[in-house]
Amino acid sequence: MAITIKTEQEIQLMRESCRLLADVFQSLEQAVRPGISTMEINILGDQLIRRHGCIPNFLHYNGFPASICVSVNDEVVHGIPSKHRILQEGDIVSLDAGLIYKGYHSDMARTFGVGQISPEAQRLIDATRESFFAGIGKARPGNHLHEISNAIDAYIKPFGYGIVRELVGHGIGRHLHEDPQVPNFAQLRRGPRLRPGMTLAVEPMINMGRADVEWLDDDWTVVTQDGSWSAHYENTILITEGDPEILTLYESRQPEN
Ligand code: MG
């Protein structure tokens, strides 16, 4: 499948799809607290998506049984919500979700601290987020796709964290997963040239320990092999003539320098 270039009309629909998803995440962030179950987070997210008149695109995707992926501590991604999994003070929880608005998909993820978390956990969350911004600093026309990958890798390397390799970012639009794949680790080849109108989900998944992951017996939940904690940060972005537009960003973010 070729990389799709969105028309101006499609871009408007992508913007709206992403804006609504970001709105859902803003509410979910406020709901994360000690004592809430991962199923309660899923139900809330599902309701918020449908209240916007949208469809949760993760539900039933390849058979996934929920609308929100809720992954706790050493769970990297694709955690299945459960009423028996209660968030505890000091946990970190990664929420990953998307929706469909008028046929157009959005996709984003955040890792939140539950109550007071350790400085080490906070550092992991911050580095994962900042690696995204390092990556999309290269997301400009004329550059090549893998400059994003290389920049994420270069940002993470000094921390000694493991970058997950089995799961990567992706193009997005009329489908949740479109070409191209967007790896989060250094690439030998340059990859395709970036062009205005491309929409990409860029999503570093970073482990405090080693990069290796494995799948639980539920065939969904990805966990770190060494049991170290993992963070995830994802936005859907639009390649423009200049700086990329971050379509799912809802937080005000202070530039680093
Ligand atoms: Mg994604």
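We count ligands from 1, going down the list as the structure has it; atoms in each ligand are counted the same way.
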Q) Do you know which N/O/S atom name in E234 is closest to the Mg ion (ligand 1)? A) OE2
Q) With the Mg ion (ligand 1) as the point of reference, which N/O/S atom of E203 is the closest? A) OE2
Q: Identify whether NZ of Lys or CZ of Arg in R123 sits under 6.0 Å from the centre of the six-membered ring of F159 and within 45° of that ring's axis.
A: no
Q. Are H105 and I100 side-chain neighbours, meaning at least one heavy-atom pair lies under 4.5 Å?
A. yes
Q. N/O/S of H170 less than 2.8 Å from the Mg ion (ligand 1)?
A. yes
**Q.** Expected output: side-chain S149 to main-chain P183 donor-acceptor under 3.5 Å
**A.** yes
Q | Closest approach of R210 to S228 (non-hydrogen atoms, all atoms of both residues) | A | N-OG, 4.2 Å
(Q) Distance check below 2.8 Å: does D107 bring an N, O or S atom to the Mg ion (ligand 1)? (A) yes
